[in-house]
Amino acid sequence: QDPSFVDLMQRAGIDYYIDFRGADRPEVDYSDIGTTSAVVVAPIVCADVAGGQPSPCRVTVVELDQSVVEPGQGVVRPDQD
């Protein structure tokens, strides 16, 4: 969870991050950037490949925690000064 990525999302006014990955790949802990709102596995095209075939794809929706980001500063965790 790259602080510059979180900062970019905030500056762009983006409230949610959506991750698509094969259901066979490990789940990702997004707690550094927000709260996971939903996780669903669906038979959809999960790869960014022209003509890709549907396969089990895990879709994770993360509501970004705007309180841990200061514009231009990246992630600021409560335990940091």
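Below, each value reflects all heavy atoms present in this structure, side chains not excepted, and no hydrogens, waters or symmetry copies. Quick caveat: nothing in here was measured; it's all calculated off a predicted structure.
The nearest pair of heavy atoms linking I44 to C57 is CG1-CB, 3.6 Å. Residue G52 comes nearest to V45 through the heavy atom pair O-CG2, 3.2 Å, listed as atom of the first residue, atom of the second, then distance. Considering every non-hydrogen atom in both P54 and P43, the closest pair reads CB-O, 3.9 Å. Across all their heavy atoms, L64 and Y17 have their closest contact at CD2-CB, 4.0 Å.
Each of I18, V61, V62 was checked for a side-chain contact (heavy atoms from CB on, under 4.5 Å) with S37, and the lone residue meeting it is V61.
A donor-acceptor distance shorter than 3.5 angstrom exists from the side chain of R58 to the backbone of R25, with no hydrogens or angles considered.
Here OH of Y16 is found 9.5 Å from OG1 of T35. Values are rounded to the nearest 0.5 Å. Atom OG1 of T36 is separated from atom CG of D29 by 7.5 Å, given to the nearest 0.5 angstrom.
In terms of the side chain to side chain donor-acceptor pair (under 3.5 Å) criterion, residue partners of D19 (sequence neighbours excluded) are, by chain and number, R21, Y30.
Transitive grouping of hydrophobic side chains (ILVMFWY, heavy atoms separated by less than 4.5 Å) keeps V28 and V39 in distinct clusters. When hydrophobic clusters are built by joining Ile, Leu, Val, Met, Phe, Trp and Tyr residues whose side-chain heavy atoms come closer than 4.5 Å, directly or via intermediates, V59 is not grouped with V41.
Within the structure, disulfide (SG to SG under 2.5 Å) contacts touching residues 4-40 (residues at least two apart or in different chains) do not occur.
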